[in-house]
Undergrad: 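Structure below; questions to follow.
All ligand and atom numbering here is 1-based and tracks the order in the structure.
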Amino acid sequence: MKNNLFGGIPFNCGERYRLIKLVGTGAYGSVVLGFDQQNQNMKVAIKKLNQIEDVIDAKRILREIKIQRSMNHQNILKIYDIIYDKKTDRFGDIYIVSPYFPVDLDKIIKSSQELTVTQVQFIMYQLCKGLYYLHSSGSIHRDIKPGNILANEKCEVCYCDFGFARKYDELHDQFEENMTEYVVTRYYRAPEIMLSSQQYSKPVDIWSLGCTFAELMSRKTLFNAPNYIQMLKMFFNILGKPSDDELNQFVTNENAHSFLQTLPPKPKQPASNSVPYPDPKARDLLDQMLEINPKNRITAQKCLEHPFFESIRNQAEEITFAGNLECDFENDDSITLNNLKQLILIEINQIKAKNNEAQIVIEEEMKRLNLY
Ligand SMILES: Nc1ncnc2c1ncn2[C@@H]1O[C@H](COP(=O)(O)OP(=O)(O)OP(=O)(O)O)[C@@H](O)[C@H]1O
């Protein structure tokens with residue numbers, strides 16, 4: 001095996017892929033552009049995951065692989081292949097091979113290229129289809145933002161970075177968990193996450209997608225406040241302050257309640273008043289996505305039915321998830337790092353089985369891992 005260094009990081013992922021250049025570095029891995037020599041030299045992105053340090057890392061990786069491998073949707077980044085580079089003295093290195101996308105929406109928004117209404121419509125329709133599918137699987141992305149949406153020259157887009165996604169509790173239709181874990185980029189964070197800290201569900205993704213939509217329209221971040229307090233003030237400045245009765249429906253945190261009492265009343269206003277854009281249908285959809293009260297916020301399904309998409313809608317493409325996505329490890333507080341590593345190997349083998357590739361002998365790997 002050749003030893004290729006990219007950004008100082010060795011990429012030992014076999015002979016099949018011809019590696020070209022480093023295209024991105026994230027908090028959890030480095031991504032290299034490559035050509036798949038066994039598949040018409042197709043461009044691929046190969047992400048080498050950083051070494052797993054702890055249970056949080058392992059859960060993130062497991063989630064990312066499990067969700068992406070289980071999904072089969074044009075607007076959700078696929079995993080073509082996975083390479084496990086065995087090490088003698090530690091858990092092996094993992095390389096995830098996906099379709100290559102030259103840009104993300106953040107780069108498009110920041111570039112000088114103006115998007116037409118037709119392009120915005122096409123991008124948003126794909127993102128609503130992707131979200132409808134994801135939500136139908138009982139998962140929430142939780143970190144939707146322009147930087148986590150990849151795009152190509154044809155304006156085809158897909159969600160990536162599922163390391164923060166969760167299954168929601170279908171019984172209660174909401175999450176209940178410790179807020180300290182919530183690290184999603186503040187600009188795209190829904191009001192109920194900021195205010196209640198305890199209960200949130202699919203509407204958080206609609207909010208984040210709404211913020212992304214506003215940014216596609218105006219090329220400016222709508223809620224770009226520098227801190228938590230300013231962010232809350234900005235929500236109410238732009239959208240008006242809901243009545244106490246309405247706030248009671250989704251603000252469960254006492255401190256948040258007291259703070260809200262100090263803010264002056266302000267009549268409700270549509271988000272589109274703050275987003276200059278000519279198309280009335282786009283503006284109406286935006287207003288329904290950026291509803292402060294999650295109970296009144298439009299769903300992904302209703303987004304697809306919105307008149308903004310009427311001229312391009314193809315209901316045959318609005319599919320739901322058909323598989324079974326079990327994420328029992330999320331709620332298992334006694335799970336160990338080695339348990340999680342084993343689950344990761346099982347996921348890798350699922351992908352290898354689908355590709356008719358030789359599988360990892362998990363028992364051997366685990367025996368070795370248990371030695372240190
Ligand atoms: N399929 C892809 N095609 C092209 N570039 C990609 C692809 N996947 C990731 N990248 C690039 O690599 C960067 C890092 O990838 P990614 O976001 O998946 O890593 P991460 O460690 O999870 O990042 P983050 O710190 O944003 O959570 C991205 O910002 C993007 O520029």
Side-chain angles (χ1 to χ4, degrees), residues 4 6-9 11 13 16-36 39 41-54 56-69 71-83 93-111 123 126-127 130 134 139-166 181-189 205 208 211-212 215 221 344 347 351:
N4 293 307
F6 291 90
I9 299 157
F11 268 69
C13 48
R16 173 169 174 176
Y17 302 99
R18 187 156 61 86
L19 306 184
I20 306 297
K21 60 171 183 178
L22 187 72
V23 291
T25 318
Y28 306 95
S30 302
V31 181
V32 160
L33 162 67
F35 289 103
D36 183 352
N39 191 2
N41 271 321
M42 185 177 63
K43 277 185 178 176
V44 290
I46 303 173
K47 175 162 158 180
K48 178 177 182 180
L49 302 179
N50 294 345
Q51 271 181 48
I52 300 171
E53 304 279 352
D54 51 31
I56 294 174
D57 276 354
K59 281 192 174 178
R60 193 187 154 98
I61 290 170
L62 181 56
R63 218 175 268 143
E64 183 162 336
I65 300 177
K66 201 176 185 79
I67 291 185
Q68 277 175 253
R69 138 180 116 68
M71 304 277 144
N72 182 14
H73 195 276
Q74 271 193 324
N75 307 113
I76 292 176
L77 188 67
K78 288 193 173 36
I79 297 184
Y80 282 150
D81 189 14
I82 199 154
I83 295 145
D93 290 332
I94 298 171
Y95 298 85
I96 300 179
V97 185
S98 307
Y100 172 76
F101 284 83
V103 283
D104 59 41
L105 285 192
D106 195 42
K107 288 196 189 100
I108 292 185
I109 289 163
K110 291 189 172 125
S111 77
I123 292 171
Q126 294 173 72
L127 293 175
L134 182 73
S139 304
I140 309 178
H141 187 291
R142 301 205 306 169
D143 196 10
I144 291 176
K145 56 182 178 181
N148 280 342
I149 298 167
L150 299 168
N152 66 18
E153 307 78 5
K154 292 190 262 176
C155 276
E156 289 166 338
V157 288
C158 73
Y159 294 104
C160 68
D161 217 341
F162 286 83
F164 203 52
R166 282 301 154 81
E181 234 211 290
Y182 215 100
V183 292
V184 168
T185 321
R186 194 191 321 111
Y187 300 155
Y188 306 91
R189 209 181 282 171
D205 283 343
S208 306
C211 295
T212 304
E215 218 163 306
T221 309
I344 290 171
E347 288 300 318
I351 296 170

Undergrad: Hey, which atoms in ligand 1 end up nearer than 4.0 Å to a heavy atom of Tyr100?
TA: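 Per the distance check, 3 (N), 4 (C).
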
Undergrad: Starting from atom 15 (O) of ligand 1, what is the nearest protein heavy atom, named by residue and atom, and what distance separates them?
TA: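 Scanning the protein heavy atoms, the shortest distance from atom 15 (O) of ligand 1 goes to Val31 CG2, 3.7 Å.
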
Undergrad: To check your reading of the model: name the closest protein heavy atom to atom 21 (O) of ligand 1, its residue, and the distance in Å.
TA: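 Sorting protein heavy atoms by distance from atom 21 (O) of ligand 1 puts Tyr28 N, 2.6 Å first.
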
Undergrad: Per the side-chain hydrogen bond (donor to acceptor under 3.5 Å, both in side chains) rule, what does the pair list look like for residues 95-104, sequence neighbours excluded?
TA: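 Not a single pair qualifies under side-chain hydrogen bond (donor to acceptor under 3.5 Å, both in side chains).
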
Undergrad: To which protein heavy atom is atom 8 (N) of ligand 1 closest, and what is the distance rounded to 0.1 Å?
TA: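 The protein heavy atom lying closest is Leu150 CD1, 4.0 Å.
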
Undergrad: Go through it in stages, so that I can follow the logic: the residues are Asn4 and Val32, the test is side-chain contact (heavy atoms from CB on, under 4.5 Å), and I'd like the CA-CA distance, side-chain angles, deciding distance and then a yes or no.
TA: CA-CA 11 Å; Asn4 293 307; Val32 160; over 6 Å; no

Undergrad: Contact between Cys160 and ligand 1, counting heavy atoms under 4.0 Å?
TA: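 So Cys160 does not count as touching ligand 1.
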
Undergrad: For Asp143 and Phe162, indicate whether the former's side chain and the latter's backbone hold a donor-acceptor pair under 3.5 Å.
TA: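 The answer is no, because no donor-acceptor pair under 3.5 Å joins these two groups.
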
Undergrad: Is it true that a side-chain atom of Arg63 and a backbone atom of Gly163 form a donor plus acceptor pair closer than 3.5 Å?
TA: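 Indeed, once roles are kept as given, a pair shorter than 3.5 Å links the two residues.
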
Undergrad: Looking only at protein heavy atoms, which one is nearest to atom 16 (P) of ligand 1, and what is the separation?
TA: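 Nearest protein contact, heavy atoms only, for atom 16 (P) of ligand 1 is Lys47 NZ, 3.6 Å.
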
Undergrad: Can you tell me if NZ on Lys110 sees more than 12 non-hydrogen neighbours from other groups inside 6.0 Å?
TA: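 Not more than 12 within 6.0 Å, no.
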
Undergrad: Below 4.5 Å, heavy atoms only, C-beta onward: do Ile65 and Ile351 meet side chain to side chain?
TA: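 Heavy-atom side-chain distance check passes, below 4.5 Å.
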
Undergrad: Could you list the atoms of ligand 1 found under 4.0 angstrom from a heavy atom of Gly29?
TA: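 In order of numbering, the contacting atoms are 21 (O).
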
Undergrad: Any atom of ligand 1 sitting under 4.0 Å from a heavy atom of Arg60?
TA: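 Arg60: in contact with ligand 1 (<4.0 Å).
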
Undergrad: Distance-only, no hydrogens or angles: does the His141 side chain make a donor-acceptor pair with backbone N or O of Asp161 under 3.5 Å?
TA: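 Side chain of His141 to backbone of Asp161, a donor-acceptor pair under 3.5 Å: yes, one is there.
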
Undergrad: Do me a favour and list the nearest non-hydrogen protein atom to atom 2 (C) of ligand 1 with residue, atom name and distance?
TA: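 Here the closest protein heavy atom is Ala45 CB, 3.3 Å.
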
Undergrad: Protein heavy atoms near atom 30 (C) of ligand 1, is at least one of them under 4.0 angstrom away?
TA: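 Neighbour list for atom 30 (C) of ligand 1 is empty of protein heavy atoms (cut-off 4.0 Å).
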
Undergrad: Using only atom types and a distance under 3.5 Å, with no angle test, would you say the side chain of Ser30 pairs donor to acceptor with the backbone of Lys48?
TA: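 Not a single qualifying donor-acceptor pair exists.
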
Undergrad: Show every side-chain hydrogen bond (donor to acceptor under 3.5 Å, both in side chains) that has at least one partner inside residues 17-27, sequence neighbours left out.
TA: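 Qualifying pairs, neighbours excluded: Tyr17-Asp81.
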
Undergrad: Give me the residue, atom name and distance of the protein heavy atom closest to atom 17 (O) of ligand 1.
TA: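 Answer, as residue, atom name and distance: Asp161 OD2, 3.4 Å.
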
Undergrad: Which protein heavy atom lies closest to atom 5 (N) of ligand 1, and at what distance to 0.1 Å?
TA: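 Checked against all protein heavy atoms, atom 5 (N) of ligand 1 sits closest to Phe101 O, 3.6 Å.
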
Undergrad: Identify, for atom 13 (C) of ligand 1, the protein heavy atom at the shortest distance, and state residue, atom and that distance.
TA: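 The closest one turns out to be Gly24 CA, 3.8 Å.
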
Undergrad: Hey, does Pro99 sit under 4.0 Å from ligand 1 if you only count heavy atoms?
TA: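 Yes.
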
